[in-house]
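These numbers come from a predicted model, not from an experiment.
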Amino acid sequence: MTYIYKTVWSGSEIVAEYCYSSLHNKIKVVELTVDGKFHRTNWMGPNGRDKLMGELMKHYDGIMLGQQDPDYDSELNHLVSIGAV
């Protein structure tokens with residue numbers, strides 16, 4: 001199963017489709033676009049790549065916790081709606 005993460009950095013819309021690899025025990029980016037154009041994580045600098053991977057891991061953790069705790073899911077939705085996440 002893949003997940004979609006959308007964010008805006010410095011005015012550019014970033015959309016990442018990613019999955020969690022059970023084989024390598026980490027997040028892997030399947031598809032990435034910046035402002036609607038194809039992009040790759042290896043085209044990013046190390047700081048940008050680390051930031052993206054950290055945000056994807058936080059997003060994934062939120063999804064997994066939301067599946068286990070319905071109160072967490074409603075709190076996460078509230079935080080997203082007010083722009084805190």
Side-chain angles (χ1 to χ4, degrees):
M1 171 180 265
T2 63
Y3 303 96
I4 303 295
Y5 178 72
K6 297 179 182 181
T7 189
V8 176
W9 291 355
S10 303
S12 294
E13 181 186 43
I14 297 170
V15 179
E17 179 183 8
Y18 70 95
C19 64
Y20 191 86
S21 170
S22 298
L23 180 62
H24 296 106
N25 199 30
K26 66 180 183 177
I27 295 286
K28 292 202 171 186
V29 175
V30 176
E31 189 81 23
L32 180 66
T33 62
V34 176
D35 291 332
K37 297 177 184 170
F38 178 76
H39 203 71
R40 293 184 183 221
T41 56
N42 64 348
W43 296 350
M44 301 172 80
N47 292 339
R49 188 171 40 249
D50 290 347
K51 180 181 176 182
L52 177 63
M53 297 311 282
E55 289 184 16
L56 294 178
M57 191 69 217
K58 185 176 179 181
H59 184 255
Y60 179 79
D61 287 344
I63 292 169
M64 292 301 106
L65 286 171
Q67 290 177 355
Q68 296 171 11
D69 182 1
D71 292 333
Y72 179 87
D73 191 41
S74 62
E75 176 64 18
L76 179 64
N77 286 335
H78 171 69
L79 291 173
V80 168
S81 71
I82 62 171
V85 176

note = Taken to the nearest 0.5 Å, the spacing of His59 NE2 from Met64 CE works out to 10.0 Å

ask   = Between atom CG of Leu56 and atom NZ of Lys58, what is the distance when rounded to the nearest 0.5 Å?
value = 12.0 Å

message = For Tyr5 and Glu55, which I'm curious about, is there any donor-acceptor pair between the side chains at under 3.5 Å?
response = yes

message = List the residues meeting ring-ring contact (aromatic ring centres under 6.0 Å, His included) with Trp9, not counting sequence neighbours, and say none if there are none.
response = none

message = Through direct or indirect side-chain contacts below 4.5 angstrom among Ile, Leu, Val, Met, Phe, Trp and Tyr, which residues connect to Leu23?
response = none

ask   = Mind checking what makes ring-ring contact (aromatic ring centres under 6.0 Å, His included) contact with Tyr20, not counting sequence neighbours?
value = Tyr60

ask   = CD1 of Ile4 to CD of Glu17: how many Å apart, nearest 0.5 Å?
value = 4.5 Å

query = What about Val30 and Ile63, same hydrophobic cluster or not, with Ile/Leu/Val/Met/Phe/Trp/Tyr joined at side-chain heavy-atom distances under 4.5 Å?
reply = no

request  = Report the residues that fulfil side-chain hydrogen bond (donor to acceptor under 3.5 Å, both in side chains) with Thr7, sequence neighbours left out, ordered by chain and then residue number.
outcome  = none

message = Let's go through Ile14 and Leu32 carefully: what are the C-alpha distance in whole Å and the side-chain angles of both, what is the deciding distance for side-chain contact (heavy atoms from CB on, under 4.5 Å) to 0.1 Å, and is it a yes or a no?
response = CA-CA 7 Å; Ile14 297 170; Leu32 180 66; 3.8 Å; yes

query = What pairs of residues pass the side chain to side chain donor-acceptor pair (under 3.5 Å) test when at least one of them lies in residues 30-45, not counting sequence neighbours?
reply = Ser12-Asp35

ask   = Between Asp50 and Met53, is a side-chain contact (heavy atoms from CB on, under 4.5 Å) present by the stated rule, with each step listed?
value = CA-CA 5 Å; Asp50 290 347; Met53 297 311 282; 5.7 Å; no

ask   = What pair of heavy atoms forms the shortest contact from Met1 to Cys19, and how long is it?
value = O-CB, 3.6 Å

request  = Go through the structure and list residues passing side-chain hydrogen bond (donor to acceptor under 3.5 Å, both in side chains) with Lys51, not counting sequence neighbours.
outcome  = none

request  = Side-chain contact test, heavy atoms from C-beta onward, threshold under 4.5 Å: evaluate it for Glu13 versus Val15 and give yes or no.
outcome  = yes

note = Here the gap from Met44 atom CE to Leu52 atom CG, rounded to the nearest 0.5 Å, amounts to 5.0 Å

